[in-house]
Colleague: 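I am attaching a structure below and will ask some questions about it afterwards.
Chain identifiers are assigned alphabetically (A, B, ...) following the order of the sequence lines, protein sequences preceding nucleic acid strands; residue numbering begins at 1 within each chain.
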Amino acid sequence: MNISLENLNNSQKEAVLHTQGPLIIFAGAGTGKTRVITYRIAYLLEQGVKPYNILAVTFTNKAANEMRKRVNDLAGNIAQEVKVSTFHSFCLYLLSCETKNFGIDSNFLVYDMGEQVNVIKECIKELNLDDKKFKPTWVANRISRAKDDLDTPQDMNNDCQSKGDFYGKTISAIYELYQKKLKTYNAFDFGDLIMQTVLNLQEHPEILSKYQDKFQYILVDEYQDTNHAQYILTKMLAQKYKNICVVGDDDQSIYSWRGADITNILDFEKDYPDCKTVKLEENYRSTPKILERAWNVIKNNTGRVPKQLWTNNEDKGNINVFQNFDENDEATRVVDMILINRQNGYKFSDFAIFYRTNAQSRVLEDALRRQGIAYNIVGTLKFYERAEIKDIMAYLKLIHNPNDNVSFRRVVNVPKRGIGKSSMEKLEYFATSKGLSLYETLKFVGTDIIPRTSLVAMNSFRMIIEKNVMTIFNKTVKEIVETVIEDTGYIRELELSDNPENKNRIENIKEFVSAVEEFQRISPDKTLSGYLSQIALVTDIDSWQDSEDKVTLMTLHLAKGLEFKNVFITGLEEGRNEEEGGLFPIGKSAYNEQELEEERRLMYVGMTRAKENLYMTWATSRTVFGKPHFNMPSRFLLEAGFTEQLSNRSARNVVNNTPFRYKEDVSYAPIDKVDDNDTYKIGTIVYHQVFGNGKIIEKSGSGDNLKLIVLFSGGQWKKLLAKFANLTIIK
DNA sequence: TGAATCGATGTTTTT
DNA sequence: CATCGATTCA
């Protein structure tokens, strides 16, 4: 092996060659981050570092797979032994290896969000709490955040006690019961995977030491998205050798709502005072135009690590901003632009449509389907979240661990066996009083507790599980799945009904069977238990194929790390007031500086995905919950420097004749962040004699020179000199 | 027991 | 508006 570093620029080379000691790489969008990581690993191997001494952590399986593949291409088969995985699968691996030492039942499972919420519902019921006041999903969220911060139920309780937070104290009680239940069901949720790994390693220094010696070289990708628990985990592992390299971009931190702590990247230099810092600022992805606009947006954020992307790329392509009448108009416009632009030789797979919320995808899908354009939608109805898949999975989980009450409840009457609510309640009651799982209880109850017909049905259900439990080691996972489908008559039931949806469901189950087959082919751990623990960590984007010639639709969050020649960012709408909220920046985030900055980073991420053409669209009217809402253009459009745009009807004609023209206001004044005038605040609603009511979106200058940009209802806006505009403040 | 109907409720974003 | 849950009726 002989790694040539010819293909790297100086900063990249610096990052690759610094093999000993802590290193932080600020890698802006499109600056060849993955290339640096893969070269770095290859270079380490060339220097004689053993592959099994290297750990590379990413956030998605897709990123992990890609990295593994690219290291392999570069360094050859030796790279197979490098541990490349996501945080979650790494912890799963570690916990599975150490079940004995950590005192964990080796049959443990990973619960997904739905299952997590189910258990929480149970807890709320059991504690006689009002589920209106303690919304299960909200509680689940609170608990997950606590785990991200490594807070135990006791920590949470103490914390809330000292703050006098009565509500939070109750949540800590739910949290405590929830943990107890997870223990009896022998399950971990996502947060547990990380937190339990950390806690156990803290408790067992000798085992920690073993892993420190094993992973002497640690690489963390997307470091800006790590939460406290993940931060502690990497810090612990790296403590002995301090060969830790983290790669990230504070401007692309978009997961704080999931516990990601941006200070982890900003404070790295404090943790490792002797660390080396490398900034990658040369962008190889986008045109100068795109970078300039993206920069205009992101520079409005405070507390950034100073850096600015630049590029030598050819200045081609264009940026278009479209105002549309409503969301249907917007969708039609997007599809029109795809069809027009395709005549320039682009494939459908060169286009991506991004949106802020999943709900926006439907209208876009309809428009694409009308034109017969093939599309791939990533994220909404996740494959493994479909009811039919979850049903089959629940059977598998029960076979793996019959005490899993969550799965038991899910499928005891699926397909219909005539087991109703009242019978289940009786079983539940009896199980609670005996302290047994539902499945165990079923073995003891007689007709004195549950009516004969129901009991017979329940027992036939139990026999299906039992029969499969006995053969679990003689069969492949695929065979078990097939037996389950056969024994339960799941597909037969679907075939009987003439619900057209059922055809899809059957297709999905068949797809599921082939996915299981695929698992068997590639996974080293081919057992049922291996399968179940893997599958919980699989996400939609992992299986997304970019080889097909299809338009890609996804949320802006999922877009991170990807690139497309043509990018649409849709729904760029500013709300008119705090109560109604907007779409992007979403909801109340426009009124909270921290949240607003995260929205801005999300916009930045979206824009920097584009290689050649960027389209940004918004609609004056958008239907929300069946009611039309009137919005104004997003402030991000203004920040980017677009104060004029191709408007509704005229735009389409302009576009058809000269497709790639765009209007922009190059003299757009830089935004003055100093708020030295309290009369006119950003967000203030004002009245103008000619234009009516509007909202102040931006301001610049001061005193007599104070300039305001006011967006008036109806979507038009004006730059006004405050001195002459004679505005009346409404609110 | 289970299908049907009514009403409340909700949208960020997801490993 | 669409989905989920609870309540009602066959």
Colleague: Between A:E598 (CD) and B:dT14 (C1'), how many Å, whole number?
Modeller: 12 Å
Colleague: Does a nitrogen or oxygen in the side chain of A:S422 sit under 4.0 Å from OP1 or OP2 of B:dT1?
Modeller: yes
Colleague: Tell me whether the side-chain N/O atoms of A:N227 come closer than 4.0 Å to OP1 or OP2 in B:dT15.
Modeller: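 It does not, given that no N or O in the side chain of A:N227 lies less than 4.0 Å from OP1 or OP2 of B:dT15.
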Colleague: Does any N or O in the side chain of A:R417 come within less than 3.5 Å of the main-chain N or O of A:A457, such that one atom is a donor and the other an acceptor?
Modeller: no
Colleague: Are side-chain N/O atoms of A:Y231 and A:D261 paired as donor and acceptor at under 3.5 Å?
Modeller: no
Colleague: With ring-ring contact (aromatic ring centres under 6.0 Å, His included) as the test, pick out the partner of A:F188 among A:Y111, A:Y178, A:F108, A:F102.
Modeller: A:F108
Colleague: Between atom NZ in A:K627 and atom P in B:dA8, what is the gap in whole Å?
Modeller: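 Atom NZ in A:K627 sits about 15 Å away from atom P in B:dA8.
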Colleague: Classify A:T453 by what it touches in the nucleic acid, base, sugar-phosphate, or nothing, heavy-atom distance under 4.0 Å.
Modeller: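 Answer is nothing: A:T453 stays at 4.0 Å or more from every strand.
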Colleague: Looking at B:dT15, B:dA3, B:dT1, which one has an atom nearest to any side-chain atom of A:T60?
Modeller: B:dT15
Colleague: Side chains of A:N301 and A:Y604: donor-acceptor distance under 3.5 Å anywhere?
Modeller: no
Colleague: Does B:dG2 have its OP1 or OP2 closer than 4.0 Å to a side-chain nitrogen or oxygen of A:N413?
Modeller: yes
Colleague: Determine whether a donor-acceptor pair (one donor, one acceptor, N or O, separation below 3.5 Å) exists between the side chain of A:H88 and the base of B:dT15.
Modeller: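 Yes.
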Colleague: How is A:G587 classified with respect to the nucleic acid when contacts are heavy atoms under 4.0 Å: base, sugar-phosphate, or nothing?
Modeller: nothing
Colleague: Under the criterion ring pair (Phe, Tyr, Trp, His ring centres under 6.0 Å), I'd like the reasoning laid out for A:Y355 against A:F584: C-alpha separation, chi angles, the key distance, then a yes or no.
Modeller: CA-CA 9 Å; A:Y355 34 80; A:F584 195 19; over 10 Å; no
Colleague: Check the geometry between A:F59 and B:dT15 and answer yes if their rings are stacked (centres below 5.5 Å, planes below 30°), otherwise no.
Modeller: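 Not stacked by the 5.5 Å and 30° rule.
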Colleague: Pull out every residue in residues 129-139 of chain A that has a heavy atom closer than 4.0 Å to any atom of DNA chain B, ordered by number, or say none.
Modeller: A:K132, A:K135
Colleague: Which residue, A:K421 or A:I254, contacts DNA chain B at a nucleotide closer to its 5' end, judged by nearest heavy atom?
Modeller: A:K421
Colleague: Atom CZ of A:R145 to atom P of B:dT15: distance rounded to whole Å?
Modeller: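 Rounded to whole Å, this separation is 13 Å.
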Colleague: In whole angstroms, how far is the P atom of C:dT3 from the CG atom of A:N358?
Modeller: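 Value for this atom pair: 14 Å.
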Colleague: Which of the following nucleotides, B:dT13, B:dT15, B:dA3, is nearest to the side chain of A:W257?
Modeller: B:dT13
Colleague: Can you see whether A:N508 engages A:R505 through a side-chain donor-acceptor pair at a distance of less than 3.5 angstrom?
Modeller: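 The answer is no; no qualifying pair exists.
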Colleague: With distance as the sole criterion, is a donor-acceptor pair present between the side chains of A:E425 and A:S422 under 3.5 Å?
Modeller: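 Distance-only check fails for A:E425 and A:S422.
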Colleague: Could you check how far CG of A:L455 sits from P of B:dT1, rounded to whole Å?
Modeller: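 These atoms are roughly 12 Å apart.
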Colleague: Can you tell me how far P of C:dA6 sits from NZ of A:K121, to the nearest Å?
Modeller: 8 Å
Colleague: Would you indicate, yes or no, if C:dC1 has its OP1 or OP2 atom less than 4.0 angstrom from a side-chain nitrogen or oxygen of A:T623?
Modeller: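 Negative; the distance criterion is not met.
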Colleague: Give the rounded distance in Å between these two atoms: CZ of A:F354 and P of B:dT13.
Modeller: 16 Å
Colleague: Where each residue is assigned the nucleotide of DNA chain B containing its nearest heavy atom, which of A:M113 and A:S589 is assigned the position nearer the 5′ end?
Modeller: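 Checking each residue's closest nucleotide, the 5'-ward one belongs to A:S589.
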Colleague: Provide, to the nearest angstrom, the distance between the CG atom belonging to A:L193 and the C1' atom belonging to B:dT15.
Modeller: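 Value for this atom pair: 10 Å.
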Colleague: Classify A:I419 by what it touches in the nucleic acid, base, sugar-phosphate, or nothing, heavy-atom distance under 4.0 Å.
Modeller: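 If one applies the 4.0 Å heavy-atom cut-off, A:I419 turns out to touch the sugar-phosphate alone, with no base involved.
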Colleague: Pairing donors with acceptors under 3.5 angstrom, does anything connect the side chains of A:S589 and A:E598?
Modeller: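 Result is no, nothing qualifies.
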Colleague: Heavy atoms only, 4.0 Å cut-off, all strands: where does A:T357 land among base, sugar-phosphate and nothing?
Modeller: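 Result for A:T357 = base.
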